[in-house]
Amino acid sequence: MINMFEVNETNKMIEQENLDVRTITMGISLLDCIDSDLDKVNENIYKKITEYAKDLVETGNKIATEYGIPIVNKRISVTPIALVGGAACHTSQDFVTIAKTLDRAAKTVGVNFIGGYSALVSKGMTPAEELLIHSIPQALAETERVCSSVNVGSTKTGINMNAVKLMGEIVLETAQASKEQDSLGCAKLVVFCNAPDDNPFMAGAFHGVTEADCIINVGVSGPGVVKTALQKVRGEDFETLCEMIKRTAFKVTRVGQLVAQEASRRLGVPFGIVDLSLAPTPAIGDSVAEILEEIGLERVGAPGTTAALALLNDQVKKGGVMASTAVGGLSGAFIPVSEDQGMIDAVNLGALSLEKLEAMTCVCSVGLDMIAIPGDTKASTISGIIADEAAIGMVNQKTTAVRVIPVIGKGVGETVEFGGLLGYAPIMPVNQFSCQAFVDRGGRIPAPIHSFKN
């Protein structure tokens, strides 16, 4: 039974502490849209998305109004397009037509992003997957709402270094293709290891082939709520601190569970998961970095940062998992630079470097996220960064990702403005020593020994 105290407490979290439901994401399978005729594939895709998601935005808005819970985004994820278009697409340009169809469908139903322009190539690439990957720069430059992801490794299969090398080149090409918008196309492109099938967050969302025909996944966000709660236990021991994080994560996740169940009921679509990630925004007080500083760091990046983040991630999961019937996606604390004012401040003060961020990804839920780097960074260097993150994910049996933005025409010391939830970012320096010979080896880094569990 929900009492008046809990209602008032939730209202306070929404009004004063930036609590929101970051996204309702409808996952739609496009496997039944496959055809050998490209025009028919595009027709099938547009028809299915616009039919299934026609009420998604209106339903989300009604729930937000009735319950007083901000629902920031309504999104769609679809089956990886490399699979859907494989029979009909014989050139990269063929795949671009599907990207444009996805974009048109997303605009028709009113969602802000559609994810799934994706390829899963952790062990090898089919011709179709390679064509899709080569099409990514043009697809993202010529669409507004399409997001793309490529999974290049997993704990079970190892790391596909041919794909890693290619993706370094593709990231740079995407940056070049959108250079008039400060290389914004790269903000819609994620390279994964161990990508989950049910992630509701962009830009990495896709609808996995193990999923039902259509599902509703919800992502919650409440860094400001957690920070405010921790102010009440300032100076207390770690046991007290952990208990406060768990209790707060439980309350935040309950809001997501309520919205997910209500959206599922009204849309007549099965509930999938709640992703209980702490996703920051550029808004003051809505920062994961500030949580870590409240735990006891002068600035995020100081010694102790990785330990503080590990504690936060673990307690968020322990508290949130009891609040939902199904938790999935990424679930943890996001540490993007451009989307978190505390992270931006730490970079500007010299407290936080790319290398420290990499260390932090060993214990966080994603990876190197929304990091602006010099536009003249070599493709092989980007591939090396991707390989490092993939190795962390592979060995630690967790999801890791890279979303870096080489801003064409800008260098260290300059700032790039992305706008909205994407925020702004200082251009961060990248290690200038070469890894070209390493990347050029090709082939596959084998899976670690502990992956052999059959």
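In this text, all values refer to a predicted model and were calculated from it rather than measured experimentally.
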Asks: Please determine which of Ile24, Val218, Ile273 meets the side-chain contact (heavy atoms from CB on, under 4.5 Å) test together with Pro200.
Replies: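 When Ile24, Val218, Ile273 are each tested with Pro200, the side-chain contact (heavy atoms from CB on, under 4.5 Å) holds only for Ile273.
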
Asks: Please evaluate residues Arg266 and Glu66 with respect to the criterion salt bridge (charged side-chain N to carboxylate O under 4.0 Å, His left out), reporting the C-alpha separation (whole Å), side-chain torsions for both, the decisive distance (0.1 Å), and the verdict.
Replies: CA-CA 13 Å; Arg266 296 186 187 197; Glu66 291 175 24; 2.6 Å; yes

Asks: side-chain hydrogen bond (donor to acceptor under 3.5 Å, both in side chains) with Glu339: which residues, sequence neighbours excluded?
Replies: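 side-chain hydrogen bond (donor to acceptor under 3.5 Å, both in side chains) check on Glu339 returns nothing, list empty.
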
Asks: Distance alone, cut at 3.5 Å: any donor-acceptor contact between the side chains of Gln341 and Tyr424?
Replies: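 Distance-only check passes for Gln341 and Tyr424.
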
Asks: Which is it for Val416 and Phe418 under the side chain to side chain contact (heavy atoms under 4.5 Å, CB included) test, yes or no, and what are the steps along the way?
Replies: CA-CA 7 Å; Val416 58; Phe418 298 120; 3.5 Å; yes

Asks: Between Cys33 and Asn44, what is the shortest heavy-atom contact and its length?
Replies: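 For Cys33 versus Asn44, the nearest heavy atoms are O-ND2, 3.3 Å.
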
Asks: State, to 0.1 Å, how close Ala212 and Ser29 come at their nearest heavy-atom pair, and which atoms those are.
Replies: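 Taking every non-hydrogen atom into account, O-CB, 4.2 Å.
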
Asks: So do the side chains of Asn431 and Glu355 get within less than 4.5 Å of each other, counting heavy atoms only?
Replies: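 Yes; the side chains approach each other to less than 4.5 Å.
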
Asks: Counting N and O atoms only, with roles assigned by atom type, does the side chain of Thr240 sit under 3.5 Å from a partner on the main chain of Glu236, one being a donor and the other an acceptor?
Replies: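 No, Thr240 side chain to Glu236 backbone: no donor-acceptor pair under 3.5 Å.
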
Asks: For the residue pair Phe206 and Ser118, what are the closest heavy atoms and their distance?
Replies: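 Closest approach of Phe206 to Ser118: CB-OG, 4.0 Å.
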
Asks: Is Val407 close to Ile373 at the side-chain level, that is, under 4.5 Å between some pair of heavy atoms?
Replies: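 They are not in contact (no side-chain heavy atoms under 4.5 Å apart), so the answer is no.
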
Asks: Whether the side chain of Asp275 engages the backbone of Ser277 through a donor-acceptor N/O pair (distance < 3.5 Å, no angle test) should be reported.
Replies: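 Yes, because the side chain of Asp275 sits within donor-acceptor range (under 3.5 Å) of the backbone of Ser277.
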
Asks: Quick one: list whatever passes salt bridge (charged side-chain N to carboxylate O under 4.0 Å, His left out) with Asp55, sequence neighbours left out.
Replies: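 In terms of salt bridge (charged side-chain N to carboxylate O under 4.0 Å, His left out), with neighbours along the sequence ignored, Asp55 is linked to no residue.
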
Asks: Give the C-alpha distance, both sets of side-chain angles, the deciding distance and a yes or no for side chain to side chain contact (heavy atoms under 4.5 Å, CB included) between Val111 and Arg145.
Replies: CA-CA 8 Å; Val111 296; Arg145 309 183 191 204; 5.5 Å; no

Asks: Taking C-beta and beyond as the side chain, do Val366 and Thr361 meet within less than 4.5 Å on heavy atoms?
Replies: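 No, their side chains stay 4.5 Å or more apart.
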
Asks: Could you give the distance from CG (Leu189) to CZ (Arg403), rounded to the nearest 0.5 Å?
Replies: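 Those atoms lie 9.5 Å apart.
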
Asks: Going by the side-chain hydrogen bond (donor to acceptor under 3.5 Å, both in side chains) test, which pairs reach into residues 192-209, not counting sequence neighbours?
Replies: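 Only Thr155-Asn194, Asp197-Thr210 qualify under side-chain hydrogen bond (donor to acceptor under 3.5 Å, both in side chains).
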
Asks: Specify the closest pair of heavy atoms between Met428 and Pro374, including all atoms of both residues, with the distance to one decimal.
Replies: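 Looking at all heavy atoms of both residues, the shortest contact is O-CD, 3.1 Å.
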
Asks: Once rounded to the nearest 0.5 Å, what's the spacing between atom CG of Leu230 and atom OG1 of Thr228?
Replies: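 One finds 9.0 Å between CG of Leu230 and OG1 of Thr228.
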
Asks: In the structure I gave you, are the side-chain heavy atoms of Val150 and Leu120 within less than 4.5 Å of one another anywhere?
Replies: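 They are not in contact (no side-chain heavy atoms under 4.5 Å apart), so the answer is no.
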
Asks: Determine yes or no for a side-chain-to-main-chain donor-acceptor pair under 3.5 angstrom, with Asn73 supplying the side chain and Arg22 the backbone.
Replies: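 Checked: pair present.
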
Asks: For a quick test of reading the model, state the closest non-hydrogen atom pair linking Val220 to Phe201 and the distance between them.
Replies: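 Minimum heavy-atom separation between Val220 and Phe201: O-CZ, 3.9 Å.
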
Asks: To the nearest 0.5 angstrom, please state how far the CG atom of Asp213 sits from the CD1 atom of Ile28.
Replies: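 Atom-to-atom, Asp213:CG and Ile28:CD1 are 8.5 Å apart.
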
Asks: Look only at the side chain of Ser178 and the backbone of Thr174, and say whether a donor-acceptor pair between them is shorter than 3.5 Å.
Replies: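 Yes, Ser178 side chain to Thr174 backbone: donor-acceptor pair under 3.5 Å.
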
Asks: For Val321 and Leu276, which heavy atoms make the closest approach, and how far apart are they?
Replies: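 The answer is N-CD2, 3.8 Å.
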
Asks: Can you tell me how far the CD1 atom of Ile344 sits from the OG atom of Ser287, to the nearest 0.5 Å?
Replies: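 So the CD1 of Ile344 and the OG of Ser287 are separated by 9.0 Å.
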
Asks: Would you compute the distance between atom CG of Asp369 and atom CD1 of Ile335 and round it to the nearest 0.5 angstrom?
Replies: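 Taking CG in Asp369 and CD1 in Ile335, the distance rounds to 8.0 Å.
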
Asks: Side chains of Thr253 and Ser324 only: does a donor on one sit below 3.5 Å from an acceptor on the other?
Replies: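 Ser324 and Thr253 do not have a side-chain donor-acceptor pair below 3.5 Å.
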
Asks: What distance do Gln261 atom CD and Ile63 atom CD1 have between them, rounded to the nearest 0.5 Å?
Replies: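 Rounded to the nearest 0.5 Å, the CD-CD1 separation comes to 11.0 Å.
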
Asks: Can you tell me if Ser135 and Tyr117 form a side-chain donor-acceptor pair at under 3.5 Å?
Replies: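 There is such a pair between these side chains.
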
Asks: Counting C-beta onward and ignoring hydrogens, is there a side-chain heavy-atom pair between Pro196 and Leu330 closer than 4.5 Å?
Replies: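 Side chain of Pro196 against side chain of Leu330, heavy atoms only: contact under 4.5 Å found.
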
Asks: Quick one: are Val121 and Asn151 in side-chain contact, heavy atoms under 4.5 Å?
Replies: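 Not touching, per the 4.5 Å side-chain cut-off.
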
Asks: Within a strict 4.5 Å, meaning less than it, do heavy atoms of the Leu357 and Ile371 side chains meet?
Replies: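 The answer is yes, as the side chains (C-beta and beyond) meet within the 4.5 Å cut-off.
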
Asks: Given Lys246 and Glu243, is the salt bridge (charged side-chain N to carboxylate O under 4.0 Å, His left out) satisfied, shown in steps?
Replies: CA-CA 5 Å; Lys246 282 192 294 185; Glu243 188 62 27; 3.6 Å; yes

Asks: Determine yes or no for a side-chain-to-main-chain donor-acceptor pair under 3.5 angstrom, with Lys398 supplying the side chain and Cys364 the backbone.
Replies: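 Between the backbone of Cys364 and the side chain of Lys398 there is a qualifying donor-acceptor contact (under 3.5 Å).
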
Asks: Asp340 side chain to Gly342 main-chain N or O, any donor-acceptor pair under 3.5 Å?
Replies: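 Between the backbone of Gly342 and the side chain of Asp340 there is a qualifying donor-acceptor contact (under 3.5 Å).
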
Asks: Apply side chain to side chain contact (heavy atoms under 4.5 Å, CB included) to residues Val402 and Ile382 and explain how you reach the verdict.
Replies: CA-CA 9 Å; Val402 173; Ile382 297 172; 5.7 Å; no

Asks: Hey, is the main chain of Ala310 close enough, under 3.5 Å, to the side chain of Asp314 for a donor-acceptor pair?
Replies: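 Not confirmed, Asp314 side chain does not pair with Ala310 backbone.
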
Asks: So, is the end of the Arg104 side chain (NZ or CZ) under 6.0 Å from the ring centre of Tyr46 and within 45° of the ring's axis?
Replies: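 Yes.
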
Asks: Sequence neighbours left out, what passes side-chain hydrogen bond (donor to acceptor under 3.5 Å, both in side chains) with Glu211? Give chain and number order.
Replies: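 side-chain hydrogen bond (donor to acceptor under 3.5 Å, both in side chains) list for Glu211, sorted by chain: empty.
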
Asks: Keeping Thr399 on the side-chain end and Ala195 on the backbone end, is there a donor-acceptor pair under 3.5 Å?
Replies: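 Checked: no pair found.
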
Asks: Are there more than 12 heavy atoms of other residues, nucleotides or ligands under 6.0 Å from atom NZ of Lys54?
Replies: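 Count over threshold, so yes.
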
Asks: State which residues pass salt bridge (charged side-chain N to carboxylate O under 4.0 Å, His left out) with Glu294; sequence neighbours excluded, sorted by chain then number.
Replies: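 Glu294 satisfies salt bridge (charged side-chain N to carboxylate O under 4.0 Å, His left out) with Arg234 once adjacent residues are dropped.
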
Asks: Between Leu140 and Ser148, is there a side-chain heavy-atom distance shorter than 4.5 Å?
Replies: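 Yes; the side chains approach each other to less than 4.5 Å.
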
Asks: Listing request: all side-chain hydrogen bond (donor to acceptor under 3.5 Å, both in side chains) pairs with a residue in residues 56-65, at least two apart in sequence or in separate chains.
Replies: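 Qualifying pairs, neighbours excluded: Glu58-Lys62, Asn61-Lys74.
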
Asks: Check whether Ser183 reaches the backbone of Ile408 with its side chain - one donor and one acceptor, N or O, closer than 3.5 Å.
Replies: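 Between the backbone of Ile408 and the side chain of Ser183 there is a qualifying donor-acceptor contact (under 3.5 Å).
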
Asks: Run the numbers on Gln257 and Val274 for side chain to side chain contact (heavy atoms under 4.5 Å, CB included), then give the verdict.
Replies: CA-CA 6 Å; Gln257 175 76 8; Val274 173; 3.8 Å; yes

Asks: Is the side chain of Arg299 donor-acceptor paired with the backbone N or O of Ala346 at a distance under 3.5 Å, no angle test?
Replies: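 No, the answer is negative, given that no donor and acceptor are paired below the 3.5 Å cut-off.
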
